[in-house]
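In what follows, chains carry the letters A, B, and so on, assigned in the order in which the sequence lines appear, proteins first and then strands, with residues in each chain numbered from 1. Computed from a predicted structure; not experimentally measured.
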4 protein chains.
Amino acid sequence: MSSREKHSQLLDTAERLFALKGFEGTSVRDIADEAGVNIAMISYYFGSKEKLMEALFEKRIGHIKMRVENLLKDSSLSSIQKVEMLIEEYVERVMRDKQFHRIMVCEQIINKNPAIINLLKEIKLKNASIIGELIKDGQKKGEFKKKVDVVMLLSVMVGIVTQLMINHDYYRDFNKLQDTPDPEFEKLLQNRVSSYIKKIFKALLVNES
Amino acid sequence: MSSREKHSQLLDTAERLFALKGFEGTSVRDIADEAGVNIAMISYYFGSKEKLMEALFEKRIGHIKMRVENLLKDSSLSSIQKVEMLIEEYVERVMRDKQFHRIMVCEQIINKNPAIINLLKEIKLKNASIIGELIKDGQKKGEFKKKVDVVMLLSVMVGIVTQLMINHDYYRDFNKLQDTPDPEFEKLLQNRVSSYIKKIFKALLVNES
Amino acid sequence: MSSREKHSQLLDTAERLFALKGFEGTSVRDIADEAGVNIAMISYYFGSKEKLMEALFEKRIGHIKMRVENLLKDSSLSSIQKVEMLIEEYVERVMRDKQFHRIMVCEQIINKNPAIINLLKEIKLKNASIIGELIKDGQKKGEFKKKVDVVMLLSVMVGIVTQLMINHDYYRDFNKLQDTPDPEFEKLLQNRVSSYIKKIFKALLVNES
Amino acid sequence: MSSREKHSQLLDTAERLFALKGFEGTSVRDIADEAGVNIAMISYYFGSKEKLMEALFEKRIGHIKMRVENLLKDSSLSSIQKVEMLIEEYVERVMRDKQFHRIMVCEQIINKNPAIINLLKEIKLKNASIIGELIKDGQKKGEFKKKVDVVMLLSVMVGIVTQLMINHDYYRDFNKLQDTPDPEFEKLLQNRVSSYIKKIFKALLVNES
DNA sequence: CATGAATGAGTCTTCATTCAT
DNA sequence: AATGAATGAAGACTCATTCAT
């Protein structure tokens, strides 16, 4: 196993275990053992357990950033179409990176590590401003309502997705979808969540006329 | 300090610290010290740190149960009114018991303690069935749409409230409400969240006609 | 073994091992094992390895303080007699507490622990001022020379005693005193050191007339 | 940086850090980093951390040897003059190589490394025999007293110098010499120490008549 | 019934050294 | 000859729990 591979193996294992047992509930020994790597490598590569966590956030945080630069420029799309694409992308991303999203939720609640808190604050502000731009654009075009609470809107989207990630298995049980194969259920849930959020956003954003 | 008082003091302190630093991040010594109680009392009263957590859940879990028994029977209210009252009550409850709600979110994600997991599953099923009844009632009366995804609906409500609890301070900053006094801001946020969820529920539930 | 005994046993063992292998060269496990005490007791009793060291200093530091309050008041003694008694007492004390004195010398040189550095500075200043008083008294009485460098004088005494403590075995070998029994040699060395320092002090202090 | 330079750089840095933090308190990584040299070089060049220390002693130990070969032969000088020159040289040497002297004192006290202990024993014996010769010479010439305790005499010199090296800053403070520039104070202290030791040696050695 | 004292297992981290290149 | 990467051992310390009183 090469240096790069070990590095990456450690990050992956850490992500899995942090999501499963929490940061404090996971020992560096657990991570090293499961990654098949010497325990000292964690300090060697990352400096400390905390820094390992930060490295994990830095690796994954790009996945959280709204990638809408191109979207914003595309004049062939209506504002609501842009918003819908954004929702789809976000839902897909969270469902794909469930483990990291779980870690992130807990970390926001417990907020101990200042480096991570800052990283998240930064991301949130950036996302809010991007969405804000998109909405202003829609307002100019007369597509969207005049008064829109951006943070509330984002909280709606993020909250719903997060909650359904948490209720993932429970949703399956309650709706008697245990026999649906995993990937199919994932797709189904993802679509439902997407379409729900879109519906909600329409109700909250679009001028009814 | 009497036995009852110590017991209660320990639970309160544990709740505060678990919400602040997480379960694993909080030591029984921290709890005992801050509660002004001998460390051995935690094992003595509750059996173990895990059992203390379970006791906390058992104490607070009533707060999570939807209290709709009376609501359901009241024939003077329309279904949508009942739903709105339910939303208001839930939002108020979460915002009041923020600390416990924080703990609960993390515990659902990390899910290590089976006793708690079962407790939560039970609660969720019960809540879903109660809401299910309410909705069926509304459907019979023709107020609500035919097809309603109950778990999705609950996830929308819970997700939004949770996310705004997490974003509490960030929401304040972003909307330049730092100067609004604490209790006033709490009330404001609570109202906004309530009215948003109500609006969303209407859009998802009510027959447009 | 009672609590007090363990406490004391740890201090004694620590003193022995610190004198033998230095502070950094001694592990808390070494100390605990040799003291026949659980390793966790060191943190439990003292807080940390450093605090254990500080406790050791606080216990022994009284031994270093010049105990001359009574001496100073005694008007039946001449100033030079007082100085001689002081020397005797100091030499005896250092030779008795060799282990601690060894630790102290190293700690002054390496000076890492600020608490100990301050303790030592304080002691040094106090000792210097006490000796200063004694000397001023002798000067008033015309017994001592006008110009006396107090710190230099103390350094002479402390330096000589320390050096002979260090050269203890070597002195024995060089002077072919291997066959002299331990306690006898100790006494002999102590007397020689005392009388040497007295002689030197006389030469440095007393008015030749 | 050439091989020689790295070698030398490592020795210098080690000397500085050992004097500052002690042998055990200094890690090979510290040394290598501060020397700007790869960590592996220490084992590579010297074999081990202990061997590095030994190399340091071998490099510096010449500085400790009394250099009196020429002095002894010079018939134009009186014995007491020779002794005085020797004292001056020694004081100057210690004050110049303070760092190494600090290390040496600690190493004598802790005595863990047998190689170094032997080296020091050898040096001490040699120094004692050289001084012994000088004294015997003075005795033959009738300049010195009959009975002289050589090791005691050396201990007096070494002890005083060492103690003033340790009390360096404290001496400055106590005598309100903080404003005297560094090199000037060094010179001043060196002169005072020299003259004190000379005075003492005279009192102990020279026949009063 | 209540508790101060005690403990062994576990935590993260650092260490000097070695090895493959 | 020289080194970046790697490692097992050891470091100090904290933990939840237990037990004698």
Side-chain angles (χ1 to χ4, degrees), chain A residues 1-7 10 23-32 36-53, chain B residues 1-4 6-7 23-32 37-53, chain C residues 1-7 10 23-33 36-53, chain D residues 1-4 6-7 23-32 36-53:
Chain A
M1 195 161 20
S2 80
S3 169
R4 281 251 169 258
E5 282 171 324
K6 282 188 198 174
H7 199 96
L10 281 172
F23 178 76
E24 301 272 1
T26 306
S27 75
V28 292
R29 174 159 282 110
D30 288 346
I31 300 169
V37 161
N38 186 287
I39 198 182
M41 298 312 299
I42 288 175
S43 289
Y44 183 66
Y45 281 148
F46 301 98
S48 70
K49 191 188 174 187
E50 293 229 321
K51 295 267 185 63
L52 166 60
M53 178 71 129
Chain B
M1 196 163 15
S2 78
S3 168
R4 278 248 168 264
K6 284 185 197 172
H7 200 96
F23 177 76
E24 302 274 359
T26 306
S27 75
V28 292
R29 177 161 276 112
D30 286 346
I31 300 169
V37 164
N38 188 283
I39 325 165
M41 299 315 295
I42 287 174
S43 292
Y44 186 65
Y45 282 148
F46 301 97
S48 71
K49 191 187 173 188
E50 294 229 322
K51 295 267 183 63
L52 167 60
M53 178 71 129
Chain C
M1 193 161 22
S2 80
S3 169
R4 280 251 169 259
E5 282 171 324
K6 282 188 197 175
H7 199 97
L10 281 172
F23 178 75
E24 302 272 2
T26 305
S27 74
V28 291
R29 174 158 282 112
D30 287 345
I31 299 169
D33 284 356
V37 161
N38 186 288
I39 198 182
M41 298 313 299
I42 288 175
S43 290
Y44 184 66
Y45 282 147
F46 301 98
S48 70
K49 192 187 173 187
E50 292 229 322
K51 294 268 185 64
L52 167 59
M53 177 72 129
Chain D
M1 198 164 12
S2 78
S3 168
R4 278 251 168 260
K6 285 185 197 171
H7 200 96
F23 178 76
E24 302 273 359
T26 306
S27 74
V28 291
R29 176 160 276 111
D30 287 345
I31 300 169
V37 164
N38 188 283
I39 324 164
M41 298 317 293
I42 287 174
S43 291
Y44 187 65
Y45 282 149
F46 300 98
S48 71
K49 191 186 173 189
E50 294 229 320
K51 296 268 183 61
L52 166 61
M53 178 72 129

Distance, rounded to the nearest Å, where [X] contributes [atom1] and [N] contributes [atom2]:
X       : N      : atom1 : atom2 : value
C:His7  : E:dG4  : NE2   : P     : 18 Å
A:Leu10 : F:dA6  : CG    : P     : 10 Å
C:Asn38 : F:dA12 : CG    : C1'   : 14 Å
D:Met41 : F:dG4  : CE    : P     : 10 Å
C:Phe46 : E:dA6  : CZ    : P     : 12 Å
B:Ile31 : F:dC15 : CD1   : P     : 11 Å

Worksheet item: Which distance, rounded to the nearest 0.5 Å, do you find between the OH of C:Tyr44 and the OG of C:Ser3?
Response: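 It is 7.5 Å, given to the nearest 0.5 Å.
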If you look at every heavy atom in [X] and [Y], which pair is closest and at what distance?
X       : Y       : answer
B:Phe46 : B:His7  : CE2-NE2, 3.4 Å
C:Glu24 : D:Glu24 : CB-CB, 3.4 Å
B:Ile39 : B:Ala32 : CA-CB, 3.6 Å

Discussion item. OP1 or OP2 of E:dC12 versus the side-chain N and O atoms of A:Lys51: is any pair under 4.0 Å?
Written reply: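 So the side chain of A:Lys51 is outside the cut-off, no N or O lying under 4.0 Å from OP1 or OP2 of E:dC12.
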Discussion item. Please tell me if D:Lys6 has a side-chain N or O lying less than 4.0 Å from either OP1 or OP2 of F:dA1.
Written reply: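 Indeed not, no polar side-chain atom of D:Lys6 lies that close.
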Worksheet item: Counting distance only, does the side-chain N/O of B:Lys6 pair as donor-acceptor with the main-chain N or O of B:Asn38 below 3.5 Å?
Response: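 Looks like no, no N/O pair under 3.5 Å.
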Discussion item. Please check this pair: side chain of A:Lys49 against backbone of A:Ile42, looking for a donor-acceptor N/O pair closer than 3.5 Å.
Written reply: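 No, because the side chain of A:Lys49 does not come within donor-acceptor range (under 3.5 Å) of the backbone of A:Ile42.
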Discussion item. Looking at A:Lys51, I'd like to know if its NZ atom is crowded, meaning that more than 12 non-hydrogen atoms belonging to other residues, nucleotides or ligands lie closer than 6.0 Å.
Written reply: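 Not more than 12 within 6.0 Å, no.
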Practice prompt. Take C:Val37 and B:Tyr45, find for each the nucleotide of DNA chain E with the closest heavy atom, and name the residue whose nucleotide sits nearer the 5' end.
Written response: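 The 5'-side residue here is B:Tyr45.
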Response to the item:
Per-residue pairing states of DNA chain F in dot-bracket (Watson-Crick or G-U under 3.5 Å; . unpaired, | other strand) read .||||||||||||||||||||
Response to the item:
Scoring nucleotides 13-21 of chain E by protein non-hydrogen atoms under 4.0 Å (B base, S sugar-phosphate only, - none) yields BBSBBB---
Item to complete: Please collect all salt bridge (charged side-chain N to carboxylate O under 4.0 Å, His left out) contacts where either partner lies in residues 39-48 of chain D, sequence neighbours excluded, each pair once.
Response: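 Every candidate salt bridge (charged side-chain N to carboxylate O under 4.0 Å, His left out) pair involving residues 39-48 of chain D fails, so no pair, neighbours aside, qualifies.
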Worksheet entry | Beyond-backbone contact of A:Ile31 with A:Leu52, side-chain heavy atoms, under 4.5 angstrom |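 Side-chain contact under 4.5 Å: yes.
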